[in-house]
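All remarks here apply to the structure that follows.
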There are 2 protein chains.
Amino acid sequence: MDEGELLKIEDQLCFALYSTSRAITKEYAVLLETMGVTYPQYLALMVLWQRDGILVQDIAKGLEVDQATATPLVKRLEKLGFVTRKRSAADERRVEVYLTETGKELYKTALAVPHGLGCAIGVDQARAKKLIDELNNIKAFIAKKNEE
Amino acid sequence: MDEGELLKIEDQLCFALYSTSRAITKEYAVLLETMGVTYPQYLALMVLWQRDGILVQDIAKGLEVDQATATPLVKRLEKLGFVTRKRSAADERRVEVYLTETGKELYKTALAVPHGLGCAIGVDQARAKKLIDELNNIKAFIAKKNEE
DNA sequence: TATTATTAATTAGTACACTATTTATTTGCT
DNA sequence: AGCAAATAAATAGTGTACTAATTAATAATA
């Protein structure tokens, strides 16, 4: 690769990830419209459907975002009526997040989303699995490098 | 895959893309610190280094973002002293974006970034190429589907 | 030519996402 | 017990991204 090619935007892995990620998020938006949530809000609900009553920081960890990002996200879910927030009695610093009945109900609707998205982006399970593994390898490499 | 597994966040391609994209952007931030630009600003400069004097909308197209995202991005680059904005004489609606001398100088520093990032995320050229192709296929599928 | 449609950029408003800082609480240690 | 360190959330401030609406200029056409 000669020098002139070095800084072409379309040849860079990071740009491919950045733009593809946003393109897929837009496809999600269409599917999530009936549920009335955004993509990050949907991710937070997915974490809660797996385990209810967790802390704000558990949601942050699940989404791999900063706690300062999770706080307003949870507040918006509360305003939408999908979760409630409750100070922990055992430790007043903690805030436990619980699904409301409406929030639990939403799970049924959400079950249709993954298949819908698979169709929307034209990727089957097997191909998705391979890509996910590749991406997780990259994330693991970065994480390992940074923990030193 | 049984139903309980269906909505696990870590099994979803989109989440892998979303989180990996952000993880890599953070690695970029370290490399771009000396240049004093953010990752999207660096992308905009890459487009300008390829072709100077383009319109705001050309930058939007290059980055695959909305024009409404490109406008403030270019303004920030102007405030940083890397570009100037000039209304087109031929068509007053258009705004042409030109690199300043400082903006052109920055190219030399930027040449070191791709290799630095390759090391930071542990992905060599060959592996990157394969992943980029996969991601471009997905984007192409979505684009084709949406143009109908 | 006068009107309508289109185009380019911007603005308005919402929602992330980040770093750094602050507040309140709890732990650890002497 | 008393005080420093650590922890959990929240706040402050900046920079993306998006949709929808607005403004100004140009193109198209009846």
Side-chain angles (χ1 to χ4, degrees), chain A residues 14-15 17-30 32-33 36-44 54-80 82-83 85-97 146, chain B residues 14-15 18-30 32-33 36-45 54-80 82-83 85-97 146:
Chain A
C14 36
F15 178 69
L17 283 165
Y18 159 81
S19 56
T20 308
S21 176
R22 280 186 300 106
I24 293 182
T25 301
K26 278 191 205 173
E27 296 302 306
Y28 256 103
V30 180
L32 298 178
E33 205 176 11
V37 294
T38 64
Y39 177 60
Q41 287 165 10
Y42 166 74
L43 291 180
I54 57 176
L55 307 184
V56 171
Q57 62 174 312
D58 294 323
I59 293 174
K61 265 174 217 149
L63 270 59
E64 294 174 25
V65 296
D66 202 89
Q67 243 182 49
T69 301
T71 293
L73 191 62
V74 170
K75 283 189 178 174
R76 275 174 224 119
L77 284 173
E78 188 183 39
K79 192 173 274 182
L80 289 166
F82 298 133
V83 306
R85 297 186 309 135
K86 186 171 149 285
R87 282 278 161 189
S88 160
D91 187 337
E92 288 278 333
R93 290 171 303 181
R94 299 180 172 193
V95 169
E96 295 159 357
V97 184
N146 287 341
Chain B
C14 36
F15 177 70
Y18 159 81
S19 56
T20 308
S21 175
R22 279 185 302 105
I24 293 182
T25 300
K26 278 191 205 173
E27 296 301 306
Y28 257 104
V30 181
L32 297 178
E33 205 176 10
V37 295
T38 65
Y39 177 60
Q41 287 166 9
Y42 167 73
L43 291 179
L45 288 173
I54 56 178
L55 307 183
V56 171
Q57 62 174 314
D58 294 323
I59 292 175
K61 265 174 216 147
L63 270 57
E64 293 173 26
V65 297
D66 202 88
Q67 246 181 47
T69 301
T71 292
L73 191 62
V74 170
K75 282 187 178 175
R76 276 176 223 118
L77 285 173
E78 188 182 39
K79 191 174 276 184
L80 289 166
F82 298 133
V83 306
R85 297 185 309 134
K86 185 170 150 285
R87 281 278 162 190
S88 159
D91 186 338
E92 289 277 332
R93 291 171 302 180
R94 299 179 172 193
V95 169
E96 295 159 356
V97 184
N146 288 340

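Just so it is clear, the values below take in all heavy atoms, side chains as well, and ignore hydrogens, waters and symmetry mates.
Within the structure, every side-chain polar atom (N or O) of A:Lys79 is placed at least 4.0 Å from both OP1 and OP2 of C:dA15. Contact annotation: B:Tyr18 reaches the phosphate of C:dA17 (side-chain N/O to OP1 or OP2, under 4.0 Å). Note on B:Thr38: every side-chain N or O is 4.0 Å or more away from OP1 and OP2 of D:dT14.
What separates CG of A:Asp66 from C1' of D:dG13 is a distance of 14 Å, to the nearest Å. Going from atom CZ of B:Phe15 over to atom C1' of C:dA17 covers 14 Å, rounded to whole Å. Between the C1' atom of C:dC16 and the CG atom of A:Leu43 lies a distance of 12 Å, rounded to the nearest Å. Rounded to a whole Å, the OH atom of B:Tyr42 is 15 Å from the P atom of D:dT16. A:Leu63 has its CG atom 15 Å from the C1' atom of C:dC18, to the nearest Å. Note: CZ (B:Arg22) to P (C:dT19) measures 10 Å, nearest angstrom. Atom pair A:Gln41:CD and C:dT14:C1' shows a separation of 11 Å (rounding to whole Å applied). Spacing between atom CD of A:Glu33 and atom C1' of D:dT19 amounts to 11 Å, rounded to whole angstrom units.
A heavy-atom distance below 4.5 Å is found between the side chains of A:Gln41 and A:Leu80. Two residues are said to be in side-chain contact when any heavy atoms from C-beta on lie closer than 4.5 Å; B:Leu73 and B:Val65 fail this criterion. When side chains are defined from C-beta on, A:Phe15 counts as touching B:Glu64, because their heavy atoms get closer than 4.5 Å. Side-chain contact between B:Val56 and B:Ile59: absent, with no pair of heavy atoms (C-beta onward) separated by less than 4.5 Å. The shortest side-chain heavy-atom distance between A:Ile54 and A:Glu96 does not fall under the 4.5 Å cut-off.
Taking the six-membered ring where tryptophan is involved, the planes of B:Tyr42 and B:Tyr28 are tilted, since the angle between them lies from 30° to 60°.
With the nearest nucleotide of DNA chain C identified for both A:Glu92 and A:Pro40, A:Pro40 has the one nearer the 5' end.
Side-chain proximity of B:Lys26 to the nucleotides D:dT11, D:dG15, C:dT19 is greatest for C:dT19. Comparing C:dT19, D:dA20, D:dT16 against the side chain of B:Ala68 picks out D:dA20 as the nearest. For A:Val65, taking side-chain heavy atoms from C-beta onward, the closest of the listed nucleotides D:dT26, C:dC18, D:dA10 is C:dC18.
Taking CZ of B:Arg22 as the start and NZ of B:Lys26 as the end, the distance is 6.5 Å to the nearest 0.5 Å. Rounded to the nearest 0.5 angstrom, B:Leu63 CG and A:Tyr18 OH are separated by 5.0 Å.
Using a 4.0 Å heavy-atom cutoff across all strands shown, B:Ala44 reaches no nucleic acid atom at all. Using a 4.0 Å heavy-atom criterion, one finds that B:Arg76 contacts the bases of the nucleic acid, with or without backbone contacts as well. Residue A:Thr69 is in base contact, counting any heavy-atom pair closer than 4.0 Å across all strands shown.
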- Note on the structure: Heavy-atom contacts, protein to nucleotides 3-9 of chain C, under 4.0 Å, summarised as B (base), S (sugar-phosphate only) or - (none) per nt, yield ----BSB
